[in-house]
Amino acid sequence: MLKTMGFLNKLLTRFFDVSKRLFELPLETKESYTVKNNVGYTPIGQERLDKLDLIDYKEAFNFPAAVKTTSDDQLPSTIKENMQATEKFTRTCHDVGGQVLRSLAAALCLDSEYFVNAHSYDKKSSSIFRLLHYPSVPDSVNSATTIRAGSHSDYGTITLLFQQLPSNSCEEMASGLQVLIKGSWHDVPAKKGCIVVNIADLLSFWTEGRLCSAVHRVILPEDDLKSLSRYTIAFFIHPNDEYIILPTPSPLPAPFPAKKDNDGNLVASFGPSPFTYNQNGKEYLWRRLNSTYTSATY
Ligand SMILES: O=C(O)CCC(=O)C(=O)O
Ligand SMILES: [Fe+2]
């Protein structure tokens, strides 16, 4: 968890308000922005993050991190009207992500710019910022087949996750977000002024398992908490599209060193889905997205 600075907190308050207004639009309006190429609206039940086939009881809007590059017909007016703040927010997230990547590079005894050089705000990338809404859960929802967000690890380099607290006076609250550590689930509470940072799969491959991606989920609330809706914002950081991923030259021992497959390709020796080095991360990302959505529109 990372403590944020005052100006980011102000932007966040504004942003959660924008998000709330966006999700309050009629379903018909939201569905006119149906997700395409990982940009746009995903209605409740369309995404299944967990391979066990649980339905995700949530809705989401995805936008490119370089939000100005979004085509006009993919931008709801609620975002257009707040474009300046949106750009400021995404640039700030990109910069905060850069600082995290510098620390991680230093911890692996790499040049501190090693990862940052692969992530430019102005170059084309798959970095996405995502507004999420978990509606209140009606009694009719079957908790044996439904979750708020199924167990998964994120696909890119790192993710910054902002969780909204139910009121200004609340400092900390279990929000349903959980992380898997050594086979048991642990709560990751929403904390005032704090960002959750997830290591994602591409960074695990890149570092040959020296950094481990975080398996996480969001469980359904119980009893009277069912009536509370939940809002979060995720900023998924991915390398520039043109960047070719090779194992880092870190001198620290690698738990899962890259190996050659039968065709002579350099491949990862671990992970939820095969990964081939010496190419950009896009093929891997699309393969993962493909298995996440129940329809082929993502
Ligand atoms: O909303 C959350 O707390 C988690 C969302 C998430 O893990 C995701 O969208 O990848
Ligand atoms: Fe996630």
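Numbering of ligands and ligand atoms starts at 1, following listing order. Quick caveat, the model's predicted, so the values are computed rather than measured.
- Hydrophobic clustering keeps Y57 apart from Y134 (ILVMFWY residues linked when any side-chain heavy atoms are closer than 4.5 Å, directly or through intermediates).
- One hydrophobic cluster holds both I181 and L177 under the rule that ILVMFWY side chains link at heavy-atom gaps under 4.5 Å.
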(request) Any chance you could lay out the ring-ring contact (aromatic ring centres under 6.0 Å, His included) test for F256 and F205, step after step, and finish with the verdict? (result) CA-CA 9 Å; F256 302 104; F205 295 134; 9.9 Å; no
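- Within the protein, the N, O or S atoms sitting under 2.8 Å from the Fe ion (ligand 2) are H152 NE2, D154 OD1, H216 NE2.
- Side-chain atoms of S175 and Q163 include a donor-acceptor pair closer than 3.5 Å.
- No side-chain donor-acceptor contact under 3.5 Å links S125 and N240.
- Remark: the Y41 side chain and the E31 side chain contain no N/O donor-acceptor pair separated by less than 3.5 Å.
- Looking at S153 and D201, their side chains do bring a donor and an acceptor atom within 3.5 Å of each other.
- Ligand 1 lies under 4.0 Å from heavy atoms of R130, L132, Y134, H152, D154, L161, L177, H216, V218, R230, T232, F236.
- Of all heavy-atom pairs between L132 and A234, the closest is CD1-CB, 4.2 Å.
- Side-chain contact annotation: H119 with T157, donor-acceptor N/O pair under 3.5 Å present.
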